[in-house]
Student: 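Quick one: structure below, then a few questions.
Residue indices begin at 1 and follow the sequence shown. Atoms within each ligand, like the ligands themselves, are counted from 1 in listed order. These numbers come from a predicted model, not from an experiment.
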Amino acid sequence: MAMLEFQNVSYQYPSEDFDIIDRLSFSVEPGSFHCIIGVSGCGKSTIFRMTNGLLKPKGGTILVGGEPIDGRKSYCGYMPQKDLLFPWRTVGENVALPLEIRGGRSRAERRDRAEAALADVGLAGCADKMPHELSGGMRQRAAFARTMLTGSDLLLLDEPFSALDFLTRISMQEWLLQQWQKHRKTILFITHDVEEALFLSQSVLVVERTPIHELSDVPVPAAFPRDRSCLKERSLVELKEHLIDLLRKQVAP
Ligand SMILES: Nc1ncnc2c1ncn2[C@@H]1O[C@H](COP(=O)(O)OP(=O)(O)OP(=O)(O)O)[C@@H](O)[C@H]1O
Ligand SMILES: [Mg+2]
């Protein structure tokens, strides 16, 4: 059974006169890792906002674990494109937020779970710090710990590393692959960085045109565990050029 399935899903923003998502169908297998690439404004984040229930489709059905998402809670973890952590809460309180929303746990219990999740992402002892006291990479890891605490098997990560400097970004990519291999969650990851998409994905889902009617599924011919040297292999170098060409066709006048 697919972890996530879109069946003929459409969406129209109220201020627009067309469906930006137009009868889109695709599915994602449990435990897989896919990046989604496509030009700016093509509707990638809209797909995530519908999947997590922030936007309601105009038509079609979204299934997670074989069940429609309507009325469900905590079935996916979502890391938005920006505004990751609330600046007025400590790191620990930020990470504990999904537990607070779900209810049923004491403050001490939430704190213990948050501290364990922080330790798991290499941020032991950071619970009492404020977000501004962490580096960009540390903030991303704290946000990831919070996403993990939703307890869901499906993680939606929207350009999580785009604001990081190059070296931090590549070490976060390696770190994320390790997390994925450890926890075996299903990860969908939006990026503009084609190399990042190739390094992380089993297959890349490409938005070739808007309105989005389909996602082209482009397999990445490299085994896991991976290291960055695979990016130098001829097949991946050619695939990178192919993907860049696909994206450039859309921005060409
Ligand atoms: N609240 C809104 N009301 C009307 N139009 C919107 C709204 N939010 C987004 N859009 C439009 O819908 C389109 C898709 O937006 P979306 O955020 O999904 O794009 P994206 O592919 O994630 O882009 P980027 O790569 O720049 O993040 C854009 O053209 C945007 O202008
Ligand atoms: Mg976006």
Side-chain angles (χ1 to χ4, degrees), residues 4-28 33-62 64 69 75-85 136 139-140 143-144 146-147 150 152 154-166 168-169 172-173 176 186-201 203-218 240 242-253:
L4 170 66
E5 186 170 2
F6 270 48
Q7 295 176 339
N8 285 310
V9 174
S10 296
Y11 186 78
Q12 178 182 3
Y13 282 106
S15 56
E16 304 285 347
D17 58 2
F18 68 100
D19 293 351
I20 177 136
I21 311 292
D22 180 22
R23 294 161 294 139
L24 172 65
S25 297
F26 72 96
S27 67
V28 168
F33 194 140
H34 302 279
C35 287
I36 301 178
I37 62 171
V39 295
S40 184
C42 71
K44 303 179 297 298
S45 297
T46 305
I47 293 175
F48 276 13
R49 289 194 284 262
M50 284 193 291
T51 305
N52 70 19
L54 276 176
L55 296 178
K56 196 170 159 33
K58 176 175 161 183
T61 309
I62 300 174
V64 171
I69 60 169
Y75 58 85
C76 76
Y78 173 51
M79 217 168 130
Q81 202 163 345
K82 50 180 189 255
D83 305 326
L84 290 173
L85 300 173
R139 279 200 293 273
Q140 297 289 334
F144 185 79
R146 183 179 60 189
T147 311
T150 57
S152 2
L154 174 63
L155 304 183
L156 310 174
L157 312 180
D158 195 346
E159 298 192 37
F161 304 151
S162 59
L164 302 176
D165 67 274
F166 180 71
T168 309
R169 192 178 337 144
M172 290 296 292
Q173 291 163 2
L176 180 61
T186 309
I187 300 185
L188 282 180
F189 182 115
I190 295 175
T191 180
H192 282 280
D193 180 339
V194 172
E195 226 170 56
E196 178 169 76
L198 286 172
F199 180 57
L200 295 174
S201 307
S203 73
V204 182
L205 304 175
V206 189
V207 177
E208 293 196 57
R209 54 191 71 83
T210 309
I212 304 181
H213 177 58
E214 60 180 1
L215 299 175
S216 307
D217 192 346
V218 180
K240 178 178 162 188
H242 172 64
L243 292 173
I244 291 172
D245 280 348
L246 284 182
L247 297 179
R248 289 184 71 171
K249 267 191 202 131
Q250 292 171 74
V251 287

Student: Starting from atom 3 (N) of ligand 1, which protein heavy atom do you reach first, and at what distance in Å?
Tutor: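 Protein heavy atom with the smallest distance to atom 3 (N) of ligand 1: Tyr13 CD2, 3.5 Å.
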Student: Is the distance between the ring centroids of Phe161 and Phe189 under 6.0 Å?
Tutor: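 Centroid distance Phe189-Phe161: below 6.0 Å, so yes.
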Student: Are any of the protein's heavy atoms under 4.0 angstrom from atom 28 (C) of ligand 1, yes or no?
Tutor: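 True for atom 28 (C) of ligand 1.
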Student: Among all protein heavy atoms in this structure, tell me which lies nearest to atom 15 (O) of ligand 1, with the distance rounded to 0.1 Å.
Tutor: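 For atom 15 (O) of ligand 1, the nearest protein heavy atom comes out as Thr46 OG1, 3.7 Å.
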Student: Is Gly43 in polar range of ligand 1, meaning some N or O pair under 3.5 Å apart?
Tutor: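 Between Gly43 and ligand 1 (N or O atoms, distance only) the closest approach is under 3.5 Å.
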Student: Can you check whether a protein heavy atom sits less than 4.0 angstrom from atom 31 (O) of ligand 1?
Tutor: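 No, there is none.
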Student: I need the atoms of ligand 1 closer than 4.0 Å to a non-hydrogen atom of Ile20, numbered in the order shown.
Tutor: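 Going through ligand 1 atom by atom, the ones under 4.0 Å from Ile20 are 12 (O), 13 (C), 14 (C).
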Student: Look at the N, O or S atoms of Thr46, main chain and side chain alike, and state whether any lies under 2.8 Å from the Mg ion (ligand 2).
Tutor: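 No - counting backbone and side chain alike, Thr46 has no N, O or S atom under 2.8 Å.
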Student: For ligand 1, note which part of Ser15 has a heavy atom under 4.0 Å away: side chain, backbone, both or neither.
Tutor: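 It is the side chain that touches ligand 1; the backbone stays farther off.
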Student: Start with the C-alpha distance between Thr61 and Asn8, add both sets of side-chain angles, then the distance that settles side chain to side chain contact (heavy atoms under 4.5 Å, CB included), and finish with yes or no.
Tutor: CA-CA 7 Å; Thr61 309; Asn8 285 310; over 6 Å; no
Student: Of the protein's non-hydrogen atoms, which lies at the shortest distance from atom 17 (O) of ligand 1, and what is that distance?
Tutor: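 Looking only at protein heavy atoms, the one closest to atom 17 (O) of ligand 1 is Arg49 NH2, 3.1 Å.
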Student: Can you find a non-hydrogen atom of Gly38 under 4.0 Å from ligand 1?
Tutor: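 Gly38: no contact with ligand 1 (<4.0 Å).
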Student: For the backbone of Glu16 and the side chain of Gln12, can you confirm whether one donor and one acceptor N or O come within less than 3.5 Å of each other?
Tutor: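 Answer holds: yes.
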Student: Considering heavy atoms of the protein only, find what lies nearest to atom 22 (O) of ligand 1 and give residue, atom and distance to 0.1 Å.
Tutor: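 Of every protein heavy atom, Ser45 OG, 2.8 Å lies nearest to atom 22 (O) of ligand 1.
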Student: Can any side-chain N or O of Asp19 pair as donor or acceptor with the backbone N or O of Asp22 at less than 3.5 Å?
Tutor: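 No; judged by distance alone, with no hydrogens or angles, the pair does not exist.
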Student: Let me know which of Thr51, Leu157, Leu4 forms a side chain to side chain contact (heavy atoms under 4.5 Å, CB included) with Leu188.
Tutor: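 Among Thr51, Leu157, Leu4, the one that satisfies the side chain to side chain contact (heavy atoms under 4.5 Å, CB included) with Leu188 is Leu4.
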Student: What residue and atom, counting heavy atoms only, is the protein's closest point to atom 26 (O) of ligand 1, and at what distance?
Tutor: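 Ranking protein heavy atoms by distance from atom 26 (O) of ligand 1, first comes Ser40 OG, 2.6 Å.
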Student: What protein heavy atom sits nearest atom 23 (O) of ligand 1, and how far off is it?
Tutor: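 Heavy-atom neighbour on the protein nearest atom 23 (O) of ligand 1: Gly41 N, 2.8 Å.
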Student: Quick one: does Ser152's side chain have a donor or acceptor within less than 3.5 Å of a partner on Gly77's backbone?
Tutor: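 Indeed, once roles are kept as given, a pair shorter than 3.5 Å links the two residues.
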Student: Which of the atoms in ligand 1, numbered in the order shown and given with their element, are less than 4.0 Å from a heavy-atom of Glu16?
Tutor: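 Per the distance check, 5 (N).
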Student: Does Ile47 approach ligand 1 within less than 4.0 angstrom via side chain, backbone, both or neither, non-hydrogen atoms only?
Tutor: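 Contact part for Ile47 vs ligand 1: neither.
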Student: Can you tell me how far apart CD (Gln140) and CG (Leu176) are? Round to the nearest 0.5 Å.
Tutor: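 With rounding to 0.5 Å, CD (Gln140) is 10.5 Å from CG (Leu176).
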Student: Are Leu55 and Tyr13 close enough, and set up right, to give a side chain to side chain contact (heavy atoms under 4.5 Å, CB included), and what steps lead you there?
Tutor: CA-CA 9 Å; Leu55 296 178; Tyr13 282 106; 3.7 Å; yes
Student: Using 0.5 Å steps for rounding, measure from the CG atom of Leu215 to the OG atom of Ser25.
Tutor: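 Rounded to the nearest 0.5 Å, the CG-OG separation comes to 10.0 Å.
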